[in-house]
Amino acid sequence: MKFIILGCGSSMGVPRPDGFFGNCDPNNKKNYRTRCSALIKTTDENILIDTSPDLRQQLLSHKIKKINKVLFSHMHGDQTHGINDLRSFYINSRKPINVYADNQTSKYLKNSFSYIFKSYSKEYPATLKLNKLQKKIFIKNNYKKIGIQSIIVEHGKVKSNCFIINKKLAYISDVSKIYNKDHKYFKNLKYLVIDCLWYNFHPSHFNLETALAIIKKFKPKKAVLTNLSPVLDYKALKKIIPKNVIPAHDGLTINL
């Protein structure tokens, strides 16, 4: 089973659409960041986390030929606006793909992309089936059940979901607060993939100081910083963080 970071960039990516690299060295390929999404690849299934606006590019880059399920972390555009690119997988299978979202995200998706969930004509049938995101979802790997636990965290003024896969890896791409009652779920992890927007305070995201404090508290064997803005150059960031912590880059693959 593999966990692939398809995109690790903040809401406008790196470089931004206007070509702005900020502090990032354009000569380093690891500074080219598409918007956040990830893939859980098992022997049986491909489970996508979020549909970033760069999803088409991400799917082509990794030669992903099927998507079995989609988990949405929250309702923001940089996590949802690539949803239409899932249509090609419906065309191949002629079966709607199951997607899972919390109540707030479900309302947003139905209001913004109603044509995806309702059949308006034979030529344009519904391509996705919207399901309630449960606290635990099971997937298959080598005919074994693998649990994915979803935990609600704060992300500024909205709620977001983080995902813990097989009690080994936690993926928290957008977070400003993890509730104390849930800290127990983040102990004894092999990997923690965590939001780290930039150096300064931000009301909706962890900055570097907060991300490192959380890593120190939870003590994963390895941690990966994601949702990186143009402020954070890959090499400059890597020099100042602990050895068990690395900045994400698009395509970073973790074997579970």
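Count residues from 1 along the sequence.
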Are side-chain N/O atoms of [X] and [Y] paired as donor and acceptor at under 3.5 Å?
| X | Y | answer |
| --- | --- | --- |
| Q79 | S73 | no |
| D233 | N31 | yes |
| Q58 | S37 | yes |
| N131 | N98 | yes |
| N103 | S106 | no |

Return the minimal non-hydrogen interatomic distance between [X] and [Y], and the atom names on each side.
| X | Y | answer |
| --- | --- | --- |
| R33 | Y234 | NH2-N, 3.7 Å |
| D195 | F206 | O-CB, 3.3 Å |
| S10 | N227 | CA-OD1, 3.0 Å |
| I254 | V193 | CD1-CG2, 4.4 Å |
| Y100 | K132 | CD2-O, 3.8 Å |
| K159 | E154 | NZ-CG, 3.8 Å |

>> Please evaluate residues I40 and I146 with respect to the criterion side-chain contact (heavy atoms from CB on, under 4.5 Å), reporting the C-alpha separation (whole Å), side-chain torsions for both, the decisive distance (0.1 Å), and the verdict.
In response: CA-CA 11 Å; I40 305 163; I146 303 291; over 6 Å; no
Got a sec: does the [atom1] of [X] have more than 12 other heavy atoms crowding it under 6.0 Å?
| X | atom1 | answer |
| --- | --- | --- |
| N28 | CG | yes |
| K66 | NZ | yes |
| K69 | NZ | yes |
| Y143 | OH | no |
| Y185 | OH | no |

Less than 4.5 Å apart, any side-chain heavy atom of [X] and any of [Y]?
| X | Y | value |
| --- | --- | --- |
| H62 | I4 | yes |
| F89 | L59 | yes |
| I194 | L225 | yes |
| V14 | F21 | yes |
| N200 | V231 | no |
| H205 | H155 | yes |
| I214 | V175 | no |
| L252 | I246 | yes |

Check for me, please, whether [X] and [Y] land in the same ILVMFWY cluster - side-chain distances under 4.5 Å, paths through other members count.
| X | Y | answer |
| --- | --- | --- |
| I139 | I164 | no |
| L256 | I49 | yes |
| I64 | L86 | yes |
| L169 | I47 | yes |
| I172 | L39 | no |

>> Determine whether the aromatic ring centres of residues F163 and F72 are separated by less than 6.0 angstrom.
In response: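 No - the distance between ring centres of F72 and F163 does not fall below the 6.0 Å cut-off.
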>> Centre-to-centre under 6.0 Å for F3 and Y171, is that the case here?
In response: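 Yes, they do, as the ring centres are separated by less than 6.0 Å.
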Measuring from atom [atom1] of [X] to atom [atom2] of [Y], what distance do you get when rounded to the nearest 0.5 angstrom?
| X | Y | atom1 | atom2 | answer |
| --- | --- | --- | --- | --- |
| D85 | L55 | CG | CG | 5.0 Å |
| N142 | T43 | CG | OG1 | 4.0 Å |
| K190 | K168 | NZ | NZ | 5.0 Å |
| L71 | I148 | CG | CD1 | 5.5 Å |
| F113 | T51 | CZ | OG1 | 7.0 Å |
| K145 | K136 | NZ | NZ | 10.5 Å |

> Quick one: is the NZ or CZ of K110 closer than 6.0 Å to the six-membered ring centre of F117, and within 45° of its axis?
Replying inline: no
Keeping [X] on the side-chain end and [Y] on the backbone end, is there a donor-acceptor pair under 3.5 Å?
| X | Y | answer |
| --- | --- | --- |
| T226 | S173 | no |
| D18 | F20 | yes |
| N141 | K144 | no |
| N46 | N68 | no |
| S176 | G156 | yes |
| S119 | A126 | yes |
| Y191 | P220 | no |
| S150 | Q134 | yes |

> Should Y115 and Y120 be marked as a side-chain contact (heavy atoms from CB on, under 4.5 Å) after you check the CA-CA gap, both sets of side-chain angles, and the distance that decides it?
Replying inline: CA-CA 7 Å; Y115 66 94; Y120 288 100; 4.1 Å; yes
> Testing L130, V99, L109, T127 for side chain to side chain contact (heavy atoms under 4.5 Å, CB included) with I116, which one passes?
Replying inline: T127
>> Which residue in the set D78, D54, D250 passes side chain to side chain donor-acceptor pair (under 3.5 Å) when paired with T34?
In response: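 When side chain to side chain donor-acceptor pair (under 3.5 Å) is applied between T34 and each of D78, D54, D250, only D250 qualifies.
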> Considering residues at least two apart in sequence or located in another chain, which fulfil the salt bridge (charged side-chain N to carboxylate O under 4.0 Å, His left out) criterion with K30?
Replying inline: none
> What is the ring orientation for F218 with F186, classed by angle as parallel under 30°, tilted 30 to 60°, or perpendicular over 60°?
Replying inline: parallel
> Checking side-chain contact (heavy atoms from CB on, under 4.5 Å) for the pair C196/L232: CA distance, chi angles, key distance, verdict?
Replying inline: CA-CA 9 Å; C196 177; L232 299 173; 4.2 Å; yes
